[in-house]
Undergrad: 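Handing you this structure, nothing more for now.
Here is how names work: the chains are called A, B, and so on, in the same order as the sequence lines, proteins then strands, and each is numbered from 1.
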Amino acid sequence: MRILEQEGRTADEAVESALKKLGVSREKVKVEILDKGNKGLFGLVGSKPAKIKVFIKDDPSHIAYQITNRILGLMGIKAEIDIKEDNDEIHLEIKTEDPGILIGKRGKTLNSLQFIVNLLVNKVCRARRKIILDTERYRDRRQKTLEDLAKRLADKVKETKKEIVLEPMNSHERHIIHTALQEDSLVTTRSRGEGEYRRVTIYLKGQGDEG
Amino acid sequence: MKELVEYIIKSLVDQPEKIEIKEILGEKTVILELKVAPEDVGKVIGKQGRIIKAIRTVLNAAASKVSKRVVLEIQD
């Protein structure tokens with residue numbers, strides 16, 4: 001956190017100059033008034049400057065940007081990052097010449113990197129915001145793939161009347177499968193297994209819910 | 001590789017000054033031997049090894065760019 005002490009004729013003026021010096025807007029800082037000052041008589045006799053202290057608040061999106069940029073640099077990946085803030089989430093869109101390496105098999109590298117960035121940002125910021133890394137709209141494309149897969153497999157379950165166990169997925173991907181089949185009146189879904197081996201099972205309603 | 005792992009681990013632990021990393025360069029493999037303060041071992045490994053696995057994945061992605069493999073070991 002950056003801190004700056006500033007004097008001015010009034011506390012407001014001091015804040016104003018501090019913001020100019022730091023190049024940030026009012027909502028990004030916390031102000032502590034050290035001395036209200038005294039304008040004195042006609043602003044001349046016995047005047048005393050106001051003194052304030054300005055703290056720049058933790059800005060998670062900026063920190064997330066810096067950490068991601070640094071890690072990509074150390075990985076030898078040339079990239080440009082765009083930041084988009086969306087309620088509780090910070091989206092970092094990475095533009096790179098080599099998205100394949102960044103994404104990895106079934107998004108393994110991108111997800112690992114996202115996990116690490118979230119850990120490191122949360123270590124320095126108290127405001128917990130979820131950080132999502134994306135490149136080449138991978139997140140959207142993967143969601144579409146999983147939804148198609150869910151529907152295809154649900155049809156198969158209805159046809160064969162046998163349950164199907166999907167490959168292990170992370171919580172986000174499992175959620176996509178559950179949501180995709182939520183409205184289906186014939187099949188239902190459930191996650192089983194622990195940790196990274198947790199898998200979704202699709203089965204006919206009224207069958208196999210004992211597990 | 002060493003710098004990459006050093007940056008991540010230093011940001012992760014409470015006692016960054018106690019980190020030691022030894023890099024052994026092979027023809028196709030890079031071995032990184034990592035030592036951290038005993039209190040920090042859990043922070044580097046994570047629940048069910050989730051953190052160390054993520055670090056290894058990122059390291060191997062970086063190494064694949066130069067056609068190498070990385071082995072990251074934590075020493076007691």
Undergrad: Using a 4.5 angstrom heavy-atom cutoff, name the option from B/V66, B/L12, B/L59 with the most pairs to chain A.
TA: B/L12
Undergrad: For chain B against chain A, give me the donor-acceptor pairs closer than 3.5 Å, one per line with atom names and distance.
TA:
residue: A/K123; atom: NZ; partner: B/L12; partner atom: O; Å: 3.2
residue: A/K123; atom: NZ; partner: B/D14; partner atom: OD1; Å: 2.6
residue: A/E196; atom: OE2; partner: B/K53; partner atom: NZ; Å: 2.2

Undergrad: Going by the side-chain contact (heavy atoms from CB on, under 4.5 Å) test, name the single residue among A/L74, A/I71, A/L119 that passes it with B/I8.
TA: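 Only match with B/I8 under side-chain contact (heavy atoms from CB on, under 4.5 Å): A/I71.
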Undergrad: Is it the side chain or the backbone of A/L113 that comes within 4.5 Å of chain B heavy atoms, both, or neither?
TA: both
Undergrad: Within a 6.0 Å radius of atom NE2 on A/H62, are there more than 12 heavy atoms belonging to other residues, nucleotides or ligands?
TA: no
Undergrad: Can you name the closest pair of heavy atoms from B/V58 and A/I116 and give their distance?
TA: CG2-CD1, 3.9 Å
Undergrad: Of the backbone (N, CA, C, O) and the side chain (C-beta and beyond), which part of A/I67 lies under 4.5 Å from a heavy atom of chain B, both, or neither?
TA: both
Undergrad: Which atoms of B/V5 come close to chain A, meaning under 4.5 Å heavy atom to heavy atom: side chain ones, backbone ones, both, or neither?
TA: neither
Undergrad: Among residues at least two apart in sequence or on other chains, which ones pass side-chain contact (heavy atoms from CB on, under 4.5 Å) with A/D86?
TA: A/E89, A/H91
Undergrad: More than 12 foreign heavy atoms under 6.0 Å from NZ of A/K158: is that the case here?
TA: yes
